[in-house]
Amino acid sequence: MLRPITGFHLDEESHWVADLDCGHSQHMRHDPPFFSRPWVLSEPERRKMQGTAINCVRCDRREFPEGFRAYRQTPVYDAHTMPPGLRNKHSTKRGVWAKIHVLQGQLRYEMADPFHQDHILTPETPGIIVAEVEHAVQPLADATFFVEFWKRIDSGPSNS
C-alpha cells in the first residue's frame with residue numbers, strides 16, 4: 001500500500017528511516033549496488049522526498065504501528081443500535097487505526113482499495129482497520145460489537 005513520507009529520523013545505528021503518514025517507519029539506506037538512494041545522505045534531498053509515496057508492507061499486512069495505543073472506543077452496537085454510516089463505506093482519519101471487537105455473533109467486514117477483501121468477524125477473530133482505508137460492516141447472526149480507535153501516543157522528534 002502506498003503511503004507518503006512525512007519525515008525522517010536516524011535509528012540507533014545512525015541509519016535514515018522514513019516516517020510514513022500511516023504511522024509506520026521504513027529504512028531508507030543508500031547501499032549500492034543493492035539500494036541506490038544517494039538522496040538520503042543530504043538533508044535538502046531528504047526534504048524534497050517528503051510527500052513521496054512508498055510501499056508500506058506493514059500496512060499490507062495490517063500491522064498496528066509501533067507506539068500506537070487505544071485512546072477511545074464506541075459504545076457496544078447491535079444491528080438496531082449501530083449508526084447507519086457504519087454500513088456504508090467510510091474510513092478513519094490520517095494516522096488513526098482501529099480494531100473491531102465482536103462480543104457475540106458475527107459481523108461482515110468489507111475492506112475497499114487496496115485490499116478488496118471481505119471477512120467474517122467473530123469474538124475469536126477481531127478486525128483490523130487500516131488508517132484511511134475505506135471499509136463497511138454489516139451485522140450477522142445477532143452480532144454485538146464495538147470499535148476501539150488507536151493512534152500514536154509516544155511521538156518522538158523527527159529529524160530532517
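No experiment lies behind these values; they were computed from the predicted model shown. Heavy-atom basis, side chains included; hydrogens, waters and symmetry copies ignored.
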Other ILVMFWY residues reachable from Ile120 by side-chain steps of under 4.5 Å: Leu140
Step-by-step side chain to side chain contact (heavy atoms under 4.5 Å, CB included) determination, Lys151 to Arg69: CA-CA 6 Å; Lys151 67 180 178 180; Arg69 301 287 179 264; over 6 Å; no
Identify every side-chain donor-acceptor pair in residues 124-135 under 3.5 Å, counting partners at least two apart or on other chains, and give the distances.
unit_1 : atom_1 : unit_2 : atom_2 : d
Glu124 : OE1    : Thr122 : OG1    : 3.2
Thr125 : OG1    : Thr122 : N      : 3.0
Thr125 : OG1    : Thr122 : OG1    : 3.0
Glu132 : OE2    : Arg3   : NH1    : 3.4
His135 : ND1    : His90  : O      : 3.2
His135 : ND1    : Val133 : O      : 3.0
His135 : NE2    : His90  : NE2    : 3.1

Qualifying residues under side-chain contact (heavy atoms from CB on, under 4.5 Å), relative to Ala79, sequence neighbours excluded: Arg87, Pro139
With sequence neighbours excluded, residues passing side-chain contact (heavy atoms from CB on, under 4.5 Å) with Asn88: none
Evaluation steps, side chain to side chain contact (heavy atoms under 4.5 Å, CB included), between Ile54 and Leu20: CA-CA 8 Å; Ile54 62 173; Leu20 306 180; 3.6 Å; yes
Partners meeting side chain to side chain donor-acceptor pair (under 3.5 Å) with Arg62 (sequence neighbours left out):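 Once residues adjacent in sequence are excluded, the partners of Arg62 under the side chain to side chain donor-acceptor pair (under 3.5 Å) criterion are Gln117.
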Contact summary for Ser42 and Pro44, nearest pair of heavy atoms: OG-CD, 3.1 Å
Nearest heavy-atom neighbours spanning Gly51 and Pro4: O-CB, 3.9 Å
About how many Å separate [atom2] of [Y] and [atom1] of [X], when rounded to the nearest 0.5 Å?
{"X": "Cys56", "Y": "Ile5", "atom1": "SG", "atom2": "CD1", "result": "11.0 Å"}
{"X": "Cys59", "Y": "Phe115", "atom1": "SG", "atom2": "CZ", "result": "6.5 Å"}
{"X": "Trp150", "Y": "Thr92", "atom1": "CH2", "atom2": "OG1", "result": "14.0 Å"}

Sequence neighbours excluded, every pair satisfying side chain to side chain donor-acceptor pair (under 3.5 Å) that has a member inside residues 75-84: Asp78-Thr81
Reference residue Asp19; test side chain to side chain donor-acceptor pair (under 3.5 Å); the match among His9, Gln50, His24: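 Of all the options given, the one that passes is His9.
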For a 4.5 angstrom cut-off between non-hydrogen side-chain atoms, does [X] reach [Y]?
{"X": "Val137", "Y": "Met82", "result": "yes"}
{"X": "Glu66", "Y": "Ser25", "result": "no"}
{"X": "Met49", "Y": "Trp39", "result": "yes"}
{"X": "Val17", "Y": "Leu10", "result": "no"}
{"X": "Phe146", "Y": "Pro75", "result": "no"}

Row check, Phe68 ring normal vs Arg152 NZ/CZ: under 6.0 Å, within 45°: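 No, Arg152 and Phe68 do not form such a contact.
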Taking only distance into account, with no hydrogens and no angle test, what donor-acceptor pairs under 3.5 Å do side-chain atoms of residues 99-106 form with protein atoms, sequence neighbours excluded?
unit_1 : atom_1 : unit_2 : atom_2 : d
His101 : NE2    : Glu148 : OE1    : 3.0
Gln104 : NE2    : Asp142 : O      : 3.4

Qualifying salt bridge (Lys or Arg N to Asp or Glu O under 4.0 Å) pairs, either residue in residues 107-123, two or more places apart: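 Counting only pairs at least two positions apart or across chains, no salt bridge (Lys or Arg N to Asp or Glu O under 4.0 Å) contact touches residues 107-123.
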Under 3.5 Å donor-acceptor, Arg46 side chain and Val40 backbone: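 Yes; at least one donor-acceptor contact below 3.5 Å.
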Donor-acceptor under 3.5 Å (Thr74 side chain, Val147 main chain): yes
Throw together a table of side-chain donor-acceptor distances under 3.5 angstrom for residues 26-35, partners on residues two or more places apart or in other chains.
unit_1 : atom_1 : unit_2 : atom_2 : d
His27  : NE2    : Asp11  : OD2    : 2.6
His30  : ND1    : Arg37  : N      : 2.9

